[in-house]
2 protein chains.
Amino acid sequence: MIDTLKNHILKFVSPPKSELQEFLNKMQLKRYNNKEYLLKEQQYCTHQYFISKGCFRFYFINQKGIEKIINFGIEDWWISNFDSFINKSPSEYNIQAVEDAVVFKINKQDLSAILANSLELNQYFRMIHERVRIADQKRIQYMYSLSGEELYTTFREYNPHFVQRVPQYMLASYLGFTPEFLSKIRANKKV
Amino acid sequence: MIDTLKNHILKFVSPPKSELQEFLNKMQLKRYNNKEYLLKEQQYCTHQYFISKGCFRFYFINQKGIEKIINFGIEDWWISNFDSFINKSPSEYNIQAVEDAVVFKINKQDLSAILANSLELNQYFRMIHERVRIADQKRIQYMYSLSGEELYTTFREYNPHFVQRVPQYMLASYLGFTPEFLSKIRANKKV
DNA sequence: TATATTTCTTAATCTAGATTAATTTTTTCA
DNA sequence: TGAAAAAATTAATCTAGATTAAGAAATATA
């Protein structure tokens, strides 16, 4: 199971075997059942998590009490609340499994120790961040230029398998509109 | 002038003097006048830019021909089109000075060479990315939970000096609404 | 295999913010 | 310092998507 992480790292960098092994040894396996929480509002995020299997949603609850999904995480993604993790602040977000899941987690102290010494693992995380930033930028571009219907069809086009994995009301939340409006869009498209 | 960058790096990491100097030596100073372009749509982004002085806007033009600002960059920020830089794709975005500006730039080859060897500079860039990701996350949270008026007052509150630096129609674009609507908000608040 | 729970749909009504089109104010620069 | 350009305002009208309120399907669970 840890091979999912090992392979992911080796796609980006080639650290010395011992260094990589040391890192992998620090990672702890943890399983989550569907609907279990990896992190709840007000808790402190003490780990970074690599998703080996399953799917999580990263969301908050707005003033009106409505859940707003900021992101999903699936296989081969790192997930955590960076703000809470880095700044040691209580989390404003929840991270919840939306499928049975397997993750590998590492705490701040262990991660810091490794990043203080490993050039390649710094490169690995740097490259991951770069890729996420590109994706986030594209997302903001879409948010600022597409209608609700276009957002949905574009997302569907680029993530045909993923739209099957989560309930539609979660997709609607992630895309920034109501489930009722998503139903309307889908009804329009059929005819 | 290069000290702005040097100081910024030293706020995060403490690289060996020679390594830091080697990096700084690769940085080329470039000046931009207000309204000059650092990058235009369809061009390839070949450098990363550290803003030493001034302000830039990062924007694209949507299907209706309207400019949409995704981000601003000011002193002590790195700016570039990562997607174009990393994937060697033509840019979908424009980066334009909105004040007279001074930047230090480094090309891909030089940067890669340095990041292949310097632990500390990898850490530096990793930490920058982490911070940007936290900010982007917060931004998406605001976009998904605040009304136009709340977006404006919140932004104003956190960036009181910055709102003075750019025309209001640019602020409106950045916040995701029209200049007319921003005028309306401001008119409401006065009375 | 029936019941409870979760998810999805439909339809009527409402509203935040867009659009359009002038007009006014501010800034630039010859 | 005065004309032109750029930026900001106002007001009327319009619309994408929200809200509310049922009801229908699908899924889970006993």
Side-chain angles (χ1 to χ4, degrees), chain A residues 33-37 55 57 59 61-69 72 94 96-100 142-156 162-191, chain B residues 32-37 54-55 57 59 61-69 72 94 96-100 142-156 162-191:
Chain A
N33 291 325
N34 187 8
K35 298 195 180 164
E36 252 191 281
Y37 282 89
C55 180
R57 63 177 179 145
Y59 72 95
I61 296 180
N62 75 4
Q63 307 99 314
K64 295 179 194 160
I66 296 170
E67 294 175 352
K68 296 279 184 175
I69 296 175
F72 292 104
N94 304 279
Q96 185 191 29
V98 297
E99 293 174 357
D100 293 350
Y142 286 148
M143 285 172 71
Y144 277 178
S145 58
L146 302 184
S147 68
E149 174 156 358
E150 288 166 332
L151 278 175
Y152 174 68
T153 50
T154 305
F155 185 83
R156 230 200 135 92
F162 183 75
V163 296
Q164 317 283 43
R165 277 176 84 169
V166 297
Q168 274 167 42
Y169 74 90
M170 289 192 191
L171 216 61
S173 173
Y174 172 75
L175 294 173
F177 44 72
T178 60
E180 290 84 357
F181 184 61
L182 181 50
S183 265
K184 213 183 199 172
I185 291 170
R186 287 161 51 85
N188 283 342
K189 300 205 90 56
K190 255 177 242 149
V191 187
Chain B
Y32 290 90
N33 291 325
N34 188 7
K35 298 196 180 163
E36 252 189 281
Y37 282 89
C55 180
R57 63 176 179 146
Y59 72 96
I61 297 181
N62 74 4
Q63 305 99 315
K64 294 178 192 159
I66 296 171
E67 293 175 354
K68 295 281 184 175
I69 296 176
F72 291 104
N94 304 279
Q96 186 192 27
V98 297
E99 290 174 1
D100 294 349
Y142 286 150
M143 286 171 71
Y144 277 179
S145 59
L146 302 184
S147 68
E149 172 155 359
E150 289 166 332
L151 279 175
Y152 173 67
T153 51
T154 304
F155 186 82
R156 231 198 135 94
F162 183 76
V163 297
Q164 317 285 42
R165 278 175 84 169
V166 297
Q168 272 167 44
Y169 73 89
M170 287 190 194
L171 216 60
S173 173
Y174 172 74
L175 294 173
F177 44 72
T178 59
E180 290 84 356
F181 184 61
L182 181 49
S183 267
K184 213 183 199 171
I185 291 170
R186 287 162 52 84
N188 283 344
K189 300 206 87 57
K190 254 176 246 151
V191 189

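Numbered from 1 within each chain, the chains take letters A, B, ... in sequence-line order.
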Any idea which of [options] is nearest the [X] side chain?
| X | options | answer |
| --- | --- | --- |
| B:F181 | C:dT9, C:dG17, D:dA7 | C:dG17 |
| A:Q168 | C:dG17, C:dT9, D:dA6 | C:dT9 |
| A:T178 | D:dT19, C:dC8, C:dT19 | D:dT19 |
| A:A187 | D:dT9, C:dT7, C:dT10 | C:dT10 |
| A:S147 | D:dA7, C:dT7, D:dG17 | D:dG17 |
| A:E180 | D:dT10, C:dG17, D:dA21 | D:dA21 |

Just the rounded figure in Å: distance from [atom2] of [N] to [atom1] of [X].
| X | N | atom1 | atom2 | value |
| --- | --- | --- | --- | --- |
| B:E67 | D:dA7 | CD | P | 10 Å |
| B:Q164 | D:dA8 | CD | P | 12 Å |
| B:L171 | D:dT9 | CG | P | 12 Å |
| A:K184 | D:dA21 | NZ | P | 17 Å |
| A:N188 | C:dA11 | CG | C1' | 13 Å |
| B:E149 | C:dA16 | CD | C1' | 11 Å |
| A:Y152 | D:dA16 | OH | C1' | 18 Å |
| B:E150 | C:dG17 | CD | C1' | 14 Å |

Any donor-acceptor pair under 3.5 Å from [X] side chain to [Y] backbone:
| X | Y | answer |
| --- | --- | --- |
| B:R165 | B:G54 | yes |
| A:D100 | A:N33 | no |
| A:Y144 | B:Y174 | yes |
| A:Q96 | A:R57 | no |
| B:S145 | A:N62 | no |

Taking the side chain as C-beta and beyond, is there a heavy-atom pair between B:M170 and B:V98 under 4.5 Å?
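Yes, close enough: below the 4.5 Å cut-off.
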What N/O pairs connect the protein and nucleotides 24-29 of chain D at under 3.5 Å? Give each pair on its own line.
none

On the 0 to 90° scale, with breaks at 30° and 60°, tag the A:Y59-A:Y37 ring pair as parallel, tilted or perpendicular.
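It falls in the tilted class, 30° to 60°.
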Check the phosphate of D:dA8 against B:R186, side-chain N and O only, distance under 4.0 Å to OP1 or OP2. Yes or no?
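B:R186 to D:dA8 OP1/OP2: no side-chain N or O under 4.0 Å.
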Can you check whether A:K64 has a side-chain N or O nearer than 4.0 Å to OP1 or OP2 of D:dT19?
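Yes, such a contact exists.
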In terms of the nearest nucleotide of DNA chain C, which residue is placed more toward the 5' end: B:F177 or A:L182?
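That would be A:L182.
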Nearest-nucleotide 5' precedence on DNA chain D, A:I66 against B:K35:
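Final value for this comparison: B:K35.
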Where do B:E99 and B:V166 land on the side-chain contact (heavy atoms from CB on, under 4.5 Å) test, with the steps shown first?
CA-CA 9 Å; B:E99 290 174 1; B:V166 297; 5.8 Å; no
